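First comes the structure, then the notes that go with it.
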Amino acid sequence: MSTKKILFIGNQPQILTDLNHLAYFYNFTLCYEQISSNNIISIDEKNYDCIIIDINLINNSLLKKLQDQIDTTSINIILISHKDYDTKIIPTETYKPYFFEYDHIDTLQKKLTTQCFTRTKQNNTLSSPINVNKTKIMIVDDNVSLRLYCGILLKNAGYDVIEADNGLTALNYLQEITVDLILMDSQMPIMSGIEATKEIRTNIQYNLHQCIPIICYSGLLDEQHKEHLITVGISDFLVKPSSKAALLSIVNKWL
């Protein structure tokens with residue numbers, strides 16, 4: 001992140017304050033612009049890695065002018081709305097993939113770091129088709145930084161990624177969606193990965209996932225502990241934090 005240059009277009013004080021905090025923490029360069037109908041900034045691909053636009057303050061005409069400039073670059077964008085604004089923004093289908101409703105600095109951090117490391121095609125339009133046939137991987141870990149790190153690597157490798165912060169959240173997701181592989185931390189609050197794995201392997205409610213690979217993504221484990229986890233239903237092990245090569249190698253092994 002220290003190599004990134006971010007532009008914020010807007011004037012919402014809380015968003016700007018939080019962005020300044022994140023810039024201090026991650027050491028990226030933050031730029032700030034206000035625009036009007038008579039002051040459309042010039043956007044060049046070499047200037048920024050990501051542009052955050054406060055769409056509460058920009059009408060459709062200005063947004064279209066900015067889009068026309070951004071479409072000729074590979075810059076990532078975030079369209080941000082804040083909840084304390086009187087009028088609720090409902091984005092069109094074109095803008096939905098880039099829309100983010102601000103509520104807390106943690107969610108802003110996640111959105112920003114993800115977008116900064118998501119590749120875009122140059123001269124690509126904002127509308128982007130969804131590949132419903134992508135392999136889906138669920139990352140279950142209470143450590144936000146590790147989830148983001150693994151998620152970015154897997155997304156850049158072409159996988160769809162679903163994140164859960166504990167075993168219970170993961171089980172709730174599995175009642176609504178189907179995934180192809182799970183990276184599961186063994187120890188988490190509320191429900192551990194061990195308990196969640198037992199449920200997936202034995203509860204008929206999760207019959208669609210009873211045979212999928214579940215990789216225990218944890219610290220160093222002794223052989224006795226590994227043997228126990230295998231009896232529970234763990235398929236393989238990955239020591240964290242892992243390298244990109246190790247992560248992709250074990251995922252490719254099981255998919």
Side-chain angles (χ1 to χ4, degrees), residues 1 14 18 21-22 24-26 83 100-117 135-155 159-244 246-248 250-251 254:
M1 286 295 292
Q14 188 59 56
D18 287 348
H21 281 307
L22 293 175
Y24 177 80
F25 180 77
Y26 286 107
K83 290 184 175 181
F100 165 64
E101 190 169 68
Y102 170 86
D103 59 357
H104 193 271
I105 189 172
D106 290 343
T107 47
L108 177 59
Q109 172 203 25
K110 178 179 176 181
K111 186 72 173 178
L112 179 60
T113 52
T114 300
Q115 284 298 87
C116 279
F117 292 96
T135 302
K136 292 182 176 63
I137 297 176
M138 178 181 285
I139 304 172
V140 190
D141 198 320
D142 60 316
N143 187 311
V144 177
S145 298
L146 280 173
R147 286 206 316 269
L148 282 173
Y149 168 72
C150 292
I152 290 167
L153 293 180
L154 292 171
K155 286 175 185 176
Y159 297 105
D160 273 346
V161 175
I162 298 97
E163 296 182 23
D165 57 1
N166 63 73
L168 183 59
T169 303
L171 294 180
N172 290 335
Y173 284 164
L174 292 179
Q175 294 177 29
E176 301 176 1
I177 59 174
T178 302
V179 302
D180 301 287
L181 181 144
I182 300 175
L183 283 171
M184 184 87 77
D185 185 17
S186 59
Q187 299 299 324
M188 293 175 287
I190 302 178
M191 178 181 281
S192 72
I194 298 173
E195 294 173 284
T197 300
K198 287 180 181 178
E199 280 292 305
I200 293 168
R201 295 307 193 203
T202 61
N203 192 330
I204 191 64
Q205 192 173 6
Y206 308 104
N207 64 313
L208 293 177
H209 297 93
Q210 285 181 340
C211 296
I212 70 166
I214 301 178
I215 312 300
C216 180
Y217 189 44
S218 188
L220 291 172
L221 299 170
D222 59 39
E223 290 304 316
Q224 185 177 359
H225 197 185
K226 285 184 178 180
E227 289 178 9
H228 170 67
L229 292 177
I230 290 173
T231 64
V232 169
I234 292 294
S235 308
D236 211 334
F237 304 91
L238 182 65
V239 176
K240 66 176 182 181
S242 64
S243 66
K244 175 182 177 181
L247 174 64
L248 296 182
I250 199 165
V251 167
W254 287 96

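Just so we're clear, the structure is a prediction, and the values are computed from it rather than from any experiment.
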Can you find a pair of side-chain heavy atoms, one from Leu154 and one from Ile139, that are under 4.5 Å apart? yes
Where do His209 and Val179 land on the side-chain contact (heavy atoms from CB on, under 4.5 Å) test, with the steps shown first? CA-CA 8 Å; His209 297 93; Val179 302; 3.7 Å; yes
To the nearest 0.5 Å, what is the distance between CG (Leu238) and SG (Cys150)? 7.5 Å
Working to the nearest 0.5 angstrom, can you tell me the gap between Thr197 OG1 and Ile214 CD1? 4.5 Å
Relative to Tyr159, does Lys136 satisfy both conditions: NZ or CZ under 6.0 angstrom from the six-membered ring centre, and within 45 degrees of the ring's axis? no
Quiz question: by atom type and distance under 3.5 Å, do the side chains of Thr169 and Asn172 form a donor-acceptor pair? no
Taking the side chain as every heavy atom from C-beta outward, state whether Lys226 and Leu229 have any pair of such atoms under 4.5 Å apart. no
Residues forming a side-chain contact (heavy atoms from CB on, under 4.5 Å) with Leu208, sequence neighbours excluded: Thr178
Considering non-hydrogen atoms only, spot the tightest contact between Met138 and Leu174 and give its length. CE-CD2, 3.8 Å
Interatomic distance, CE@Met191 vs CG@Asp142, rounded to 0.5 Å, equals 14.0 Å
To the nearest 0.5 Å, atom CG of Leu183 lies from atom OH of Tyr217 at 7.5 Å
Within a radius of less than 6.0 Å around CD of Gln224, do more than 12 heavy atoms belonging to other residues, nucleotides or ligands occur? no
Quick one, Ile182 with Val140, criterion side-chain contact (heavy atoms from CB on, under 4.5 Å). Give me CA distance, side-chain angles, the key distance, then yes/no. CA-CA 7 Å; Ile182 300 175; Val140 190; 3.9 Å; yes
Locate the shortest heavy-atom distance separating Ile234 from Cys216; write the atom from each residue and the value. CG2-CB, 3.7 Å
Of the non-hydrogen atoms in Phe237 and Ile250, which two are nearest, and what is the gap between them? O-CD1, 3.1 Å
Should Lys240 and Asp141 count as an ion pair when the cut-off is N to O under 4.0 Å? yes
Return the NZ to CZ distance between Lys198 and Arg201, rounded to the nearest 0.5 Å. 13.5 Å
Given Asp180, which of Ile212, Thr135, Asp160, Ile137 fulfils the side chain to side chain contact (heavy atoms under 4.5 Å, CB included) condition? Thr135
Does the side chain of Val232 come within less than 4.5 Å of Ile230's, by heavy atoms? no
State the CG-CD distance between Leu171 and Glu195, to the nearest 0.5 angstrom. 9.5 Å
So which atom in Ser242 and which in Tyr149 form the shortest heavy-atom distance, rounded to 0.1 Å? O-OH, 2.9 Å
Taking all non-hydrogen atoms of both residues, which atom of Ile200 and which atom of Gln210 are closest, and how far apart? O-CG, 2.9 Å
Specify the closest pair of heavy atoms between Asn143 and Leu146, including all atoms of both residues, with the distance to one decimal. OD1-N, 3.0 Å
Do side-chain atoms of Asn203 reach the backbone of Tyr206 as a donor and acceptor pair under 3.5 angstrom? no
So Thr231 and Glu227, do their side chains get closer than 4.5 Å, heavy atoms only? no
